[in-house]
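Here the structure comes first, spelled out in structure tokens, and everything after it is commentary.
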Amino acid sequence: MKKISAVLILLFYFLAGFSQILPPPTDLTCELLRAPEAAVVTDPSPEFGWVFPQTGGKQSAYHILVASSPFLLQEGKADLWDSGKKEDSRSVNISYGGKPLTSFSNYWWQVKVWASDGQESVYSMPQAFHTGNFDRSGLDYPGQSNWVELGTGNWVSEDRQCASFYRFDPVYIQTPTPGTYLAGFEKSAIGILEFTATTSEDHTPITVHLGERKYENFSVHKDPGKSNIGYEKVEMTLKKGTHHYVLRLAQRPPSRYLHTQKLAPHYPEVLPFRYVEITGKAHTYQISHMQQAALFYYFDDQAASFSCSDTNLNEVWNLCKYTLKATPFLGVYADGNRERMPYEADAYIQQLGHYTVDREYSIGKYTVNFLLDHASWPTEWQMHTILMAWEDYMQTGDADLLHNRYEDLKRKSLIDLAEPNGLISTLKGKKTQAFLTSLRFPGPVEQFRDIVDWPQGPKPGQAPPPNASPKPGGETDGYVYNDFNTVVNAFHYRSLVLMERIATVTGHAADQKFFSDRAALHQESFMKTFFDKKRGIFKDGESTDHASLHANMFALAFGLVPEKHLPSVATFVKSRGMACSVYGAQHLLDALYQAGEADYALSLMTADSLRSWRNMIRVGSSMTTEAWDEYFKPNLTWNHAWGAAPANITARKLMGIEPLEPAFRRFRISPQPGSLEHAAIKMPCIRGSIGCEISQSRDGWRMNVSIPGNAEAEIWLPAEFTSVHIDGQPASLLRTENFAGGKRQVFELGSGVFEIVAKR
């Protein structure tokens, strides 16, 4: 993203001749696009947003100008919309209110703001945006995004950013023997290889090997086995003289997967690779200027950072951040490079992580819209779309998705599977073809089933298939399936809770009461059916005594554990270790922080065992892998963002930064640092950057927090602190809360930078 330098902003400010010190708004968005000039907007009434300056505290007013030329804005004129000074504190989701815009046109806009004390800024630098086709009647599904060629070879997406190629030099090049070149790049990337070659003869043959892993002698590992770890061999010939080459990879064959995303035709085929091996006849050619051309979705590397006193966690967080940068190359949250298919659970974890490392929202909206009309097969996966839609609203404050897809979201709660007791089941006769059609699932009825976790293991007495764990039960901790399953019903409860909130936002009063009543009924039935009072834990289902990690961690993560039973459930969850997949780890870590088990959660994120993120690094991957190891999933990939849970867990739970109101108008900082001596994070949100640094000693905590402009924060501190000072003054207690298995003292802060000293 191109940013105006601080020097240019100051120059612009002083040339305007203003005596006030309020800086202009920055980081403008149109339809939540940070670079609308690299996209097209299909809403005839687009919504504008900006970051209000932190030094201004709260916004009291704004003034927007929209023009057909940037030169008009330079003259302070607006031929399309001059909003005038609007007494309004909103700095996001401001709908266009001027003359009708036309399709396939170019526009520019800018804004200035006032602070609550009357200070006035100058106008922001103008931002361009392009409009596309306003007629959306021919779409295959709501929210569909097509490719548009703005100019020759300049392809962009509708209503979302897109990917571009970024080139990297190798960190080493070796020539162990004449005619052999071995190169390695810092990290694996999904992309192509470019190089310059010189030869004295036409049709000089060479062989190029690309791969994600290498042998000890630095040559490319050429035997992926059952795995889908990236590898490809390309035979090619060189032309006489010196020429630049872009390696042409074989086109992918038609996919057997349901909703595979095709790479746009203006992109060359790409492959995940980190290592290169080129061989040919000695002394017949020379290679130079080798580069890895990585296809990255629009990403701001400076938007987020994290460091702490545990080097293992630093490495794990960096692994996850890079994964979230490198994997959305298709412009959608997909499973990785193998299937290139969006799955609801994969997308949810990727969405949560993406929010914490970049100020990006368009890809999430597109993915939710796509998944609402292109369902995958697991029961629980359907309900993830509700979780995704709600997260989008809390991050952006934009309720359009909730309004436009309300009926689809209702269906995704699987309320049509509910029995009189409120619990749901796919085995009681309600899983019909008509029901699956309503979910937009095109597969056979028998394919739609409860999953619990993935991969699963072989059936008794059978050899495991190539996509399964060799362990009986696989990653499900021996889960025993019943007519009514605990895991599926935990998801249903969470869906009911969120649907009540969505009905409130969208004005469906009758549905609000319906979902509220259903949630209460379901919670009561859930406890009666699944909770073993004697052991103080949850069983897998209504007709088994078996209790798995999954039955308990999902109940805990989704708020189904009464406070008095938190200790027994948390103790059981801890006793099972990491008996789940990388997908399950998201909900396990959520559950542990929900129970206040920060030390144990931290130990899992920093572990060196086979089931760990450190193992992903140890085996040589530079992105999170689809499973903990090839042992657990022989056909795994090394580029799968559903394994990147520590990115969002570190921000949301360890550092405790979560929105309390939509668009982060009010948010919480409730750190659970565990045994860390020090931790610091910079996390983006729609209003700007949030900063939190914490150091702890025997005496207590010292924190430095940075709250963006036009936002309020609640600082939730453990009740054990008897003295809390903010910027050297005794802090005023706002209230107390039960949170994460204990009491929290809540303090309120406005925009700015603050030092907090909390002593025991």
Side-chain angles (χ1 to χ4, degrees), residues 188 190 209-216 219-233 252-253 255-258 260 271-275 319 323 327 334-341 343 345-346 349 376-378 381 447 449 451-479 548-550 577-586 588 607-645:
S188 178
I190 300 170
H209 302 271
L210 303 181
E212 282 188 281
R213 60 178 166 181
K214 63 177 177 60
Y215 293 113
E216 290 184 2
S219 62
V220 171
H221 193 296
K222 305 175 185 66
D223 182 18
K226 295 179 181 179
S227 81
N228 285 273
I229 298 171
Y231 170 71
E232 189 162 333
K233 173 184 176 181
R252 289 166 66 100
S255 176
R256 62 181 177 83
Y257 300 107
L258 274 176
T260 291
L271 174 82
F273 74 97
R274 185 178 184 181
Y275 303 103
L319 172 77
T323 303
T327 52
D335 75 309
N337 185 63
R338 179 177 74 246
E339 298 180 32
R340 296 186 178 179
M341 170 180 163
Y343 285 93
D346 306 55
I349 298 172
S376 65
W377 56 269
W381 272 211
Q447 187 183 12
R449 61 184 177 85
I451 192 171
V452 176
D453 209 337
W454 190 262
Q456 297 175 341
K459 295 180 180 179
Q462 295 184 2
N467 67 340
S469 167
K471 296 177 52 184
E475 298 292 73
T476 66
D477 194 30
Y479 192 91
S548 65
L549 169 66
H550 297 72
M578 190 68 87
C580 61
S581 74
V582 297
Y583 151 72
Q586 168 70 50
L588 170 58
D608 280 305
S609 60
L610 196 62
R611 291 177 174 273
S612 73
W613 288 273
R614 291 279 297 158
N615 184 64
M616 300 178 188
I617 298 171
R618 184 167 54 243
V619 299
S621 184
S622 51
M623 294 182 237
T624 56
T625 57
E626 186 182 4
W628 297 118
D629 191 82
E630 284 176 275
Y631 171 80
F632 300 108
K633 195 175 192 299
N635 74 331
L636 90 174
T637 62
W638 272 13
N639 45 76
H640 206 302
W642 86 336

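Side-chain atoms are counted along with the backbone in the values below, which use heavy atoms only and exclude waters and symmetry mates. None of these values were measured; they are calculated from a predicted model.
In terms of heavy atoms, M623 sits closest to N639 at SD-CB, 3.7 Å. The shortest heavy-atom contact between A468 and P455 is CA-CB, 4.1 Å. Minimum heavy-atom separation, S469 to G474: CB-CA, 3.7 Å. What you find for S227 and R213 is that their closest heavy atoms are OG-NH2, 4.0 Å. Nearest heavy atoms, T323 versus T327: O-OG1, 2.7 Å.
Note: I349 CD1 to Y583 OH = 6.5 Å, rounded to the nearest 0.5 Å. Interatomic distance, CD1 of I451 versus OG1 of T476, reported as 10.5 Å (0.5 Å rounding). Here R274 contributes atom CZ and K214 contributes atom NZ; the two are 8.0 Å apart, rounded to the nearest 0.5 Å. Note that the CD1 atom of I617 and the OG1 atom of T625 stand 10.0 Å from one another [nearest 0.5 Å]. From D453, atom CG reaches atom NE2 of H550 across 3.5 Å, with rounding to the nearest 0.5 Å. In this structure, CZ on F632 lies 6.0 Å from NZ on K471, to the nearest 0.5 angstrom.
Within the 4.5 Å cutoff, the side chain of R611 has heavy atoms near those of the E475 side chain. Considering only heavy atoms from C-beta on, W454 comes within 4.5 Å of N467 through its side chain. Side-chain contact check for S609 versus M578: every heavy-atom pair is 4.5 Å or farther apart. Using a 4.5 Å cut-off on side-chain heavy atoms (C-beta onward), R252 and N337 make contact. Annotation: side chain of E232 is not in contact with side chain of F273 (no heavy-atom distance under 4.5 Å). The shortest side-chain heavy-atom distance between E630 and V619 does not fall under the 4.5 Å cut-off. Two residues are said to be in side-chain contact when any heavy atoms from C-beta on lie closer than 4.5 Å; E626 and W642 meet this criterion. Two residues are said to be in side-chain contact when any heavy atoms from C-beta on lie closer than 4.5 Å; S622 and S188 meet this criterion.
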Handout entry: CA sep, side-chain torsions, deciding dist, call: M341, S376, side-chain contact (heavy atoms from CB on, under 4.5 Å)
Key = CA-CA 9 Å; M341 170 180 163; S376 65; 3.9 Å; yes
Problem - Test log, rule side-chain contact (heavy atoms from CB on, under 4.5 Å), inputs D335 and H640 - result: CA-CA 6 Å; D335 75 309; H640 206 302; 3.7 Å; yes
Handout entry: Worked check of side-chain contact (heavy atoms from CB on, under 4.5 Å) between Q586 and L588
Key = CA-CA 6 Å; Q586 168 70 50; L588 170 58; over 6 Å; no
Exercise for the section: Given side-chain contact (heavy atoms from CB on, under 4.5 Å), test R338 with N635 step by step and report yes or no. Expected result: CA-CA 10 Å; R338 179 177 74 246; N635 74 331; 4.1 Å; yes
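Here the side chain of D477 pairs no donor or acceptor atom with the backbone of S548 at under 3.5 angstrom. Remark: side-chain polar atoms of S219 are not paired, donor with acceptor, to backbone N or O of Y215 under 3.5 angstrom. A donor-acceptor contact shorter than 3.5 Å is absent between the side chain of S621 and the backbone of T624. D629 places no side-chain N or O within 3.5 Å of a backbone atom of L610 that could act as its donor or acceptor partner. Formation of a donor-acceptor pair under 3.5 Å by the W613 side chain with backbone atoms of V582 is not found in this model.
A cation-pi geometry, defined here as NZ or CZ lying under 6.0 Å from the six-membered ring centre and within 45° of its normal, does not hold between R340 and Y257.
By the 6.0 Å contact criterion, NZ on K222 is enclosed, its count of non-hydrogen atoms from other residues, nucleotides or ligands being greater than 12.
There is a side-chain donor-acceptor pair under 3.5 Å between Y231 and H209.
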